[in-house]
Amino acid sequence: MPGTDATDTPSPLHRIGRNLRNPFAFGYLALCLALLVWALVVTVADDSGESMAGVIPLLATAPTSLVFLSLPGGAPTLVLSVVVGALVNASVIGWCARALTRGNRSDPTR
């Protein structure tokens, strides 16, 4: 019978990769990357040390980025929290877009 073998079900990493290849998720990742690069450039160019530009990419990738921001480390922690938050949110966006475009059809990859 097709679809009953354990090897026919895609792994969780395969599902996450499929969600991230969605155009909406890819657009969100591009936006987050642009915001992160902008924040880093503005922060480096600011000689007073009072730049709040890092808040914008954090809010764009919330709530996951706010959890990782609690780690110690300064600028590398900011970059890590934005990257992880963007990947988690993009995966959710891709999953939602795939579910909404599927309509009433069942998901053949489930």
Side-chain angles (χ1 to χ4, degrees):
M1 264 196 290
T4 58
D5 192 11
T7 59
D8 288 342
T9 59
S11 69
L13 288 177
H14 178 72
R15 288 183 183 179
I16 291 172
R18 187 176 56 230
N19 290 342
L20 291 176
R21 286 190 301 265
N22 186 288
F24 294 111
F26 190 71
Y28 174 77
L29 285 174
L31 174 71
C32 290
L33 177 67
L35 287 174
L36 181 62
V37 169
W38 170 80
L40 291 174
V41 167
V42 168
T43 303
V44 167
D46 184 23
D47 58 351
S48 68
E50 299 174 355
S51 175
M52 294 291 292
V55 174
I56 302 299
L58 281 175
L59 290 178
T61 57
T64 307
S65 63
L66 298 178
V67 173
F68 282 91
L69 189 62
S70 62
L71 298 172
T77 303
L78 171 74
V79 172
L80 174 74
S81 63
V82 169
V83 167
V84 170
L87 287 173
V88 169
N89 290 348
S91 180
V92 170
I93 289 170
W95 176 77
C96 289
R98 199 178 85 238
L100 288 172
T101 56
R102 185 174 58 226
N104 289 334
R105 298 182 313 257
S106 64
D107 190 2
T109 59
R110 262 189 142 198

request  = Using the side chain to side chain contact (heavy atoms under 4.5 Å, CB included) rule, take Leu40 and Val79 through it: C-alpha gap first, then chi angles, then the decisive distance, then the call.
outcome  = CA-CA 9 Å; Leu40 291 174; Val79 172; 4.3 Å; yes
key: Test side-chain hydrogen bond (donor to acceptor under 3.5 Å, both in side chains) applied to Thr61 - qualifying residues, sequence neighbours left out   = Ser65
ask   = Do you know the tightest heavy-atom contact between Ala86 and Tyr28?
value = O-CE2, 3.6 Å
query = Where do Ser81 and Phe68 come nearest, in terms of heavy atoms and distance?
reply = CB-CB, 3.6 Å
note = Value for CG (Leu29) from CG (Asn89), rounded to nearest 0.5 Å, stands at 9.5 Å
Hydrophobic cluster membership, Val88 vs Leu58, 4.5 Å side-chain cutoff = no
query = Does any N or O in the side chain of Ser91 come within less than 3.5 Å of the main-chain N or O of Leu87, such that one atom is a donor and the other an acceptor?
reply = no
Please list every donor-acceptor pair under 3.5 Å in which a side-chain atom of residues 31-38 meets a protein atom from a residue at least two apart or in another chain.
none

request  = Would you check if Leu69 and Val82 make a side-chain contact, meaning some heavy-atom pair closer than 4.5 Å?
outcome  = no
Taking every non-hydrogen atom, the tightest pair across Ala53 and Ala39 = O-CB, 3.5 Å
inquiry  = Looking at every heavy atom in both Phe24 and Ala97, which two are closest together, and how far apart are they?
reply    = CD1-CB, 3.8 Å
key: Residues that, via side-chain heavy atoms closer than 4.5 angstrom, fall in one hydrophobic cluster with Val44   = none
message = Rounded to the nearest 0.5 Å, what separates atom CD1 in Ile93 from atom CG in Leu20?
response = 10.0 Å
ask   = Can you name the nearest heavy-atom pair linking Thr43 to Ser51, along with the distance?
value = OG1-OG, 3.6 Å
ask   = Are Leu78 and Met52 connected, step by step, through hydrophobic side chains (Ile, Leu, Val, Met, Phe, Trp, Tyr) whose heavy atoms are closer than 4.5 Å?
value = no
